[in-house]
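In what follows, chains are A, B, ... by sequence order, proteins preceding strands, each numbered from 1. Side chains included, hydrogens not; waters and symmetry mates left out as well; all remaining heavy atoms used.
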2 protein chains.
Amino acid sequence: MARRLPPLNALRAFEASARLGSFVAAAAELRVSAAAVSQQVRRLEQYLDTPLFQRLARGLALTEQGRDYLPELSAGFNLLGESTARVRAKRADGVLTLTTLAAFANGWLLPRLHRFRERAPRIDLALRTSREIMDFRRDALDLAIRFAPTPGRGLHGEELCSEELFPVASPQLFGGRHMPDTLAALADYPLLHDTDAGNEQPWLGWRGWFERAGLSTANVGRGPQFSDSIVLIGAAVAGLGIAIGRGPHVAPMLARGQLVRVTQESWKSPWRYWLTAPAAHFRRPVVRIFVDWALEEARQP
Amino acid sequence: MARRLPPLNALRAFEASARLGSFVAAAAELRVSAAAVSQQVRRLEQYLDTPLFQRLARGLALTEQGRDYLPELSAGFNLLGESTARVRAKRADGVLTLTTLAAFANGWLLPRLHRFRERAPRIDLALRTSREIMDFRRDALDLAIRFAPTPGRGLHGEELCSEELFPVASPQLFGGRHMPDTLAALADYPLLHDTDAGNEQPWLGWRGWFERAGLSTANVGRGPQFSDSIVLIGAAVAGLGIAIGRGPHVAPMLARGQLVRVTQESWKSPWRYWLTAPAAHFRRPVVRIFVDWALEEARQP
DNA sequence: GCTGAGGCTAAGATATTCTTGTGCTCATGG
DNA sequence: CCATGAGCACAAGAATATCTTAGCCTCAGC
């Protein structure tokens, strides 16, 4: 008749630790101290009477038991989490005003939005794309997605995703010819530039890339410039040259074959995409539901 | 990056309540008071901002939200519970000495035992089938399965399953003829009797059945008698007559078509099958693992 | 119209869980 | 080769969360 379950919070602590590979990281996800996670995991190990981690001086390694255990736990918690999110979202109702870069909206948000509509059919999204930093005091904004080193002063922020960059071009640019496979060889093709880029964020500009590789930057300024990433990408798709593709902005074009990666080079940006707003906004149900959904989307491979 | 989960203990309280249809029943399963369950469910409803139950004067009814929610939660908790049980069982090691009625072992336990071997490959079962009540003080017994109204004096017990009874016979007994469909019509066939039955437990004897139906019991004592349910069933399978089939004892024969139910009559026994032993035994890992497994098996449809 | 089952609430008791602060180990880098 | 810092363990007290108890309410069934 009965069902016997292990201590659930200990289980959650283990699942997070195993998934993230560290008590410190798990503690951040669970918003408790690392010591708390350590204690919870110990409790579970006692309950099971078997070690789940090998404690190394620097970090953790799963034991065989732990390795077998993790995937099923994750699946179980996913079920709990997803079904809960659905229940929560179904009756929420209202408008969510969101700003983000057009290119991010286009590359990341729009292709996923049908799933949000499914989950929260009664929340309407009002999307404001703008290159300016919006002011929460002035504008009637619920939430912003920002690319920045930190969430922003005075604002609460949750990390949405990181960004990997790599050279991309239309396959038509090369006709049948061999595609260049080194950074140096790219200089033979027209390079497309983002106007803003390259000062603070060297990974956004060709100059940064050539300097990092120790190559001459003499001719690196040549080529057309674009003030907006979305237009820049459009130019690359049209075969006008090679652009520095920002992962989240170009993923759908890569998936459709409109763009391909050129060379194996890549650069992982130290900045992050943040979901950000004054802390109070995050307590609005409509915002919370969107944020939870977005974070979940970002966790998918 | 992050995953957001609802309060897990509240979730478990809801799952149990919804599955069992009552806070009182859920409280028994979770081994807390009904008030605690009520509070936990309320907490979850607040978290979700939606009602999950309609509170009726006498009992509960799921709302639409709750109805959608339950199956996924159950699936999630099943994953957690089953994978945990596997991890727990894998290293346990030893012998479990168990007594039970031969017919119950044959009809219920043996067909399921391959799954137990899978889960706990290093636990060997020593099965002692006996019609006598075993004495935990005298015999080296870990656990007994007993059919009784209560677990037994001085012993801890967990309810394994109930028992439904119904007339059964080999389909060959009727040749091509019409199968009797009323209790009264059974009297035309040989009735098979369990020697012990019919005094304390009227549902085990034909006399009890005929009395309950208000029929004459004049000829009800006729027919062969058997001192052991397993032999009685064998006789029924061999086409010797109609027996009172005890659900857990005859399930595999029904599944294989060796027996069929005769008439739609059935009687739900007020006694239960108990897993029972001195409380201390239940704390032995080997016992706990078997008990958890058996309870889980009993929950399956 | 009783009675009992089942649920609710409030308040205080009890447990669990978390944080803080300290100490340890070892990989990394100067 | 030593200093540094990341990451984990441990202990004790603090902060919560959770449970129980006890009394009340409603309605179904007798």
Whole-Å distance separating the CD atom of A:Gln54 from the C1' atom of D:dC8: 14 Å
Of A:Leu60 and A:Asn9, the one whose closest DNA chain D nucleotide lies more 5': A:Leu60
Axis deviation across the helix from C:dG1-D:dC30 to C:dG30-D:dC1, five-pair ends, to the nearest 10°: 30°
From C:dC8, C:dT19, D:dT18, nucleotide with atom closest to A:Val32 side chain: C:dT19
side-chain hydrogen bond (donor to acceptor under 3.5 Å, both in side chains), paired with A:Arg43, selected from A:Gln40, A:Gln39, A:Glu45: A:Gln40
Distance, rounded to the nearest Å, where B:Leu62 contributes CG and C:dG7 contributes C1': 15 Å
Nucleotide nearest B:Val24 (side chain, heavy atoms from C-beta), chosen from C:dG6, C:dT19, D:dG7: C:dG6
Closest nucleotide among D:dC19, C:dT17, D:dC8 to the A:Ser22 side chain: D:dC8
Rounded interatomic separation in angstrom, taking CZ from B:Arg43 and C1' from C:dC8: 15 Å
Separation of D:dA17 P from A:Arg12 CZ (nearest whole Å): 12 Å
Rounded interatomic separation in angstrom, taking CD from A:Gln40 and C1' from C:dT16: 9 Å
Lys NZ or Arg CZ of B:Arg246 over B:Phe147 ring: under 6.0 Å, within 45°: yes
CZ on B:Phe53 to CG on B:Leu62, rounded to 0.5 Å: 5.0 Å
Spacing of A:Leu30 atom CG relative to C:dT17 atom P, expressed in whole Å: 13 Å
Centroid-centroid under 6.0 Å between A:Phe104 and A:Tyr273 rings: yes
Chi angles and distances behind the side chain to side chain contact (heavy atoms under 4.5 Å, CB included) call for A:Arg272, A:Leu160: CA-CA 7 Å; A:Arg272 296 284 181 274; A:Leu160 181 60; over 6 Å; no
Under 4.0 angstrom between B:Arg55 side-chain N/O and C:dC8 OP1 or OP2: yes
Nearest-0.5 Å distance that lies between atom CD in A:Glu158 and atom CG in A:Leu295: 5.5 Å
Output a table of nitrogen or oxygen pairs between the protein and nucleotides 10-14 of chain D separated by less than 3.5 Å.
unit_1	atom_1	unit_2	atom_2	d
D:dC10	OP2	A:Arg42	NE	3.3
D:dC10	OP2	A:Arg42	NH2	3.1

Distance-minimising heavy-atom pair for A:Glu265 and A:Pro167: O-CD, 3.7 Å
Interatomic distance where CD belongs to A:Glu45 and C1' belongs to D:dA9 [whole Å]: 12 Å
Closest non-hydrogen atom pair, B:Pro6 against A:Thr84: CG-OG1, 3.5 Å
Length of the line joining A:Gln46:CD and C:dT16:P, which is rounded to integer Å: 13 Å
A:Trp203/A:Trp271 aromatic ring centres below 6.0 Å: yes
Interatomic spacing from CG in B:Leu96 to CZ in B:Arg288 - rounded to 0.5 Å: 12.0 Å
Six-ring centre of A:Phe14, A:Arg19 cation under 6.0 angstrom, axis tolerance 45°: no
Which nucleotide in D:dC8, D:dT18, C:dG7 has an atom nearest any side-chain atom of B:Phe23: C:dG7
Ring-face cation of B:Arg212 near B:Trp209 (centre distance under 6.0 Å, axis angle within 45°): yes
Taking only nitrogen or oxygen atoms into account, show me every contact under 3.5 Å that the protein makes with nucleotides 25-28 of chain D, one pair per line with its distance.
none

